[in-house]
**Student:** 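The structure's right below; bear with me while I get my questions together.
All values derive from a computational prediction rather than experimental measurement. We count ligands from 1, going down the list as the structure has it; atoms in each ligand are counted the same way.
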Amino acid sequence: MKITGIELRRIAMPLRAPFRTSFGVETDRDVLLVRVVTPEGEGWGECVAMSEPRYCSEYVDGAQDVLRRFLIPELPELSESADAFAVKRALKPFKGHKMAKAALETAVLDAQLRSTNQSFGTYLGADRDRVPCGVSVGIMDSIPELLDAVEGFIAEGYVRIKLKIEPGWDVAPVRAVRERFGDDLLLQVDANAAYTLADARHLAKLDAFDLLLIEQPLADDDLVQHAALARQLATPVCLDESIESAEDAAAAITLGAASIINIKPGRVGGYLEAKAIHDLCVAHGVPVWCGGMLETGLGRAANVALAALPGFTLPGDTSGSSRYFATDITAPFELADGHLDVPTGPGLGVAPVTDILDEVTTSTEWIKL
Ligand code: OSB
Ligand code: MG
């Protein structure tokens with residue numbers, strides 16, 4: 001596939017409500033979109049890096065810089081028949097920057113699949129036409145406020161609730177949600193690395209609430225300590241931030257640091273690596289689920305396709321567009337009976353609505369190849 005140029009477009013998407021985690025509060029999503037142009041068409045990739053390096057070391061200005069300065073200049077070196085695998089190989093010598101790499105690889109893959117009339121779901125190996133959806137619920141100022149939010153999401157049909165936790169906001173909110181909504185509610189928590197192994201006895205109090213999992217309780221680079229913690233908890237330990245590659249996943253499984261893995265394509269460098277982690281986890285009997293990064297409809301489309309692979313046996317953070325945005329840049333993803341349909345059109349199967357996209361655009365940069 002010959003790529004003639006690439007557009008880096010920044011958009012500003014106001015969130016419907018502030019989203020608070022143990023690492024910060026988001027009120028607007030500053031998103032970098034990558035559009036690859038070929039003689040036959042185009043392809044889109046959404047970069048999930050956030051404004052500040054708090055979830056991981058990447059941030060959106062840095063992602064745009066590394067794309068412009070190092071990653072995109074590798075593309076002209078590829079042959080005209082290059083595909084997403086060739087792009088992944090070409091970017092490998094550059095360390096890190098998984099979210100920037102993922103956005104570029106996804107845009108190339110989208111262009112490739114549109115040109116061969118294949119959907120992301122079919123290409124990746126989806127075996128379902130819809131996926132059950134969970135929702136991630138931020139840290140709130142009070143428990144009544146949290147209960148109202150959870151009640152609203154359950155009424156919308158979400159089949160699984162994930163509560164963000166941090167020291168001082170853990171056992172009490174979990175107990176309150178469990179007591180109010182009952183034992184049948186699928187419930188899990190996400191600490192975004194806010195605890196240390198010294199908190200093991202405190203975290204074990206969560207064992208009383210029959211959680212599906214506790215996500216990333218300890219620091220990103222603490223696989224050995226996660227393994228030690230897992231031995232002290234009945235609640236399964238799931239890793240998010242710690243897993244940036246299939247090698248990381250293999251290490252975590254071997255060490256006993258995780259019995260469940262959250263796969264986020266941006267965090268691991270793209271959908272090809274995400275698929276490799278899925279395959280590895282299936283081979284080891286480790287359940288996976290698809291995480292989210294407050295994506296627009298473009299990123300959401302690809303995530304929903306990934307979440308339809310057979311190893312994704314737990315509901316993901318694949319919420320509807322309205323979870324975060326009053327107006328999405330694509331036709332909105334809407335829950336039906338707690339599920340989202342896997343797009344069936346070529347590539348991502350969705351495209352930005354031009355007028356809406358232009359309205360939220362804050363800058364564009366054209367790189368001619
Ligand atoms: O840890 O899963 C996380 C959002 C931003 C950064 C990290 C995380 C999250 C979420 C929300 O939990 C996921 C979503 O609904 O898109
Ligand atoms: Mg997480």
Side-chain angles (χ1 to χ4, degrees), residues 13 15-31 46-60 63 98-99 102 131-140 149-150 153 156 158-166 169-170 187-195 211-220 226 236-244 248 252 258 260-268 274 288-304 306-307 314-325 328 332-333 335 340:
M13 303 276 288
L15 297 183
R16 286 181 57 199
F19 180 66
R20 179 169 156 208
T21 66
S22 63
F23 62 81
V25 187
E26 306 299 317
T27 54
D28 294 274
R29 193 73 175 94
D30 177 357
V31 185
E46 175 169 344
C47 181
V48 300
M50 307 188 84
S51 313
E52 299 184 6
R54 295 180 184 275
Y55 163 76
C56 67
S57 64
E58 287 187 87
Y59 61 102
V60 64
K98 300 289 174 94
M99 292 173 173
V131 299
C133 299
V135 60
S136 177
V137 186
I139 294 166
M140 309 255 164
V150 171
F153 288 128
E156 286 182 55
Y158 287 102
V159 305
R160 183 228 69 192
I161 299 292
K162 163 169 134 182
L163 302 182
K164 290 293 197 178
I165 59 168
E166 65 181 2
W169 182 264
D170 44 34
L187 185 62
Q188 63 192 52
V189 293
D190 185 359
N192 288 111
Y195 296 88
L211 301 178
L212 286 171
L213 57 90
I214 178 170
E215 180 178 350
Q216 197 69 41
L218 310 180
D220 308 13
H226 273 105
V237 172
C238 168
L239 290 177
D240 173 354
E241 285 91 327
S242 293
I243 309 299
E244 294 188 0
D248 289 346
I260 299 173
I261 289 179
N262 166 340
I263 301 183
K264 282 183 190 168
R267 196 194 64 225
V268 304
V288 302
W289 55 280
C290 184
M293 291 292 292
L294 290 73
E295 285 90 346
T296 74
L298 289 173
R300 207 161 287 280
N303 285 350
V304 170
L306 179 72
L314 291 166
D317 284 342
T318 49
S319 309
S321 297
S322 67
R323 162 70 184 91
Y324 294 111
F325 308 116
D328 205 337
F333 279 82
L335 253 61
L340 286 181

**Student:** Show the atoms of ligand 1 that are less than 4.0 angstrom away from any heavy atom in L294.
**Tutor:** 4 (C), 5 (C), 14 (C), 16 (O)

**Student:** Under 3.5 Å, side chain of R54 to main-chain N/O of V25, donor-acceptor pair present?
**Tutor:**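 Checking the backbone N and O of V25 against the side chain of R54, no donor-acceptor pair under 3.5 Å is found.
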
**Student:** Taking only heavy atoms of D240, which atoms of ligand 1 are found under 4.0 Å from at least one of them?
**Tutor:** 1 (O), 2 (O), 3 (C)

**Student:** Quick check on contacts: which atoms of ligand 1 are under 4.0 angstrom from a heavy atom of Y324?
**Tutor:**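 Answer, ordered by atom number: 11 (C), 13 (C), 14 (C), 15 (O), 16 (O).
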
**Student:** Under a 4.0 angstrom heavy-atom cut-off, which atoms of ligand 1 come close to S136?
**Tutor:** 10 (C), 11 (C), 12 (O)

**Student:** Within this structure, what is the CG-CG distance for the pair L218 and N192, rounded to the nearest 0.5 Å?
**Tutor:** 12.5 Å

**Student:** Going by the order shown, which atoms of ligand 1 are within less than 4.0 Å of some heavy atom of N192?
**Tutor:** 1 (O), 3 (C)

**Student:** Going by the order shown, which atoms of ligand 1 are within less than 4.0 Å of some heavy atom of F23?
**Tutor:** 6 (C)

**Student:** Minimum distance, heavy atoms only, to atom 2 (O) of ligand 1: which one of K264, E295, M50 is it?
**Tutor:**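 Among K264, E295, M50, the closest heavy atom to atom 2 (O) of ligand 1 comes from K264.
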
**Student:** For a distance under 2.8 Å, give residue and atom name for each protein N, O or S atom next to the Mg ion (ligand 2).
**Tutor:**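 Hits for the Mg ion (ligand 2) below 2.8 Å: D190 OD2, E215 OE2, D240 OD2.
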
**Student:** Which ligand 1 atoms does K164 reach within 4.0 Å, using its non-hydrogen atoms?
**Tutor:**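 Numbered from 1, ligand 1 contributes 1 (O), 2 (O), 3 (C), 8 (C), 9 (C), 10 (C), 12 (O).
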
**Student:** Looking at ligand 1, does E26 have a heavy atom less than 4.0 Å from it?
**Tutor:** no

**Student:** Is F19 close to ligand 1, meaning an N/O of one under 3.5 Å from an N/O of the other?
**Tutor:**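 By distance alone, the answer is no.
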
**Student:** Would R323 count as a contact residue for ligand 1, given that I'm defining contact as a non-hydrogen atom of the residue lying under 4.0 Å from a ligand atom?
**Tutor:**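 No heavy atom of R323 comes that close to ligand 1.
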
**Student:** Identify the residue among R323, K162, K164, R300 that makes a salt bridge (charged side-chain N to carboxylate O under 4.0 Å, His left out) with D317.
**Tutor:**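 One option only clears the test, and that one is K162.
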
**Student:** Using 30° and 60° as the class boundaries, would you call the ring planes of Y158 and F153 parallel, tilted or perpendicular?
**Tutor:** perpendicular

**Student:** Which residues satisfy the ring pair (Phe, Tyr, Trp, His ring centres under 6.0 Å) test with F19, sequence neighbours excluded?
**Tutor:** Y324

**Student:** Keeping E295 on the side-chain end and V48 on the backbone end, is there a donor-acceptor pair under 3.5 Å?
**Tutor:**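 No; zero donor-acceptor contacts below 3.5 Å.
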
**Student:** Are any of the N/O atoms on K162, whether in the backbone or the side chain, positioned under 3.5 angstrom from an N/O atom of ligand 1?
**Tutor:**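 Yes: some nitrogen or oxygen of K162 is under 3.5 Å from one in ligand 1.
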
**Student:** Is Q216 in contact with ligand 1, taking contact as a heavy-atom separation below 4.0 Å?
**Tutor:**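 Q216 does not count as a contact of ligand 1 under the 4.0 Å cut-off.
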
**Student:** Using modelled atom types only, decide if a donor and an acceptor are shared between the side chain of R267 and the backbone of N262 within a distance under 3.5 Å.
**Tutor:** yes

**Student:** Please determine whether a side-chain nitrogen of the Lys or Arg among E166 and R20 lies less than 4.0 Å from a carboxylate oxygen of the Asp or Glu.
**Tutor:** yes

**Student:** Show me which atoms of ligand 1 lie under 4.0 Å from any heavy atom of E215.
**Tutor:**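 Matching atoms, with element in brackets: 2 (O).
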
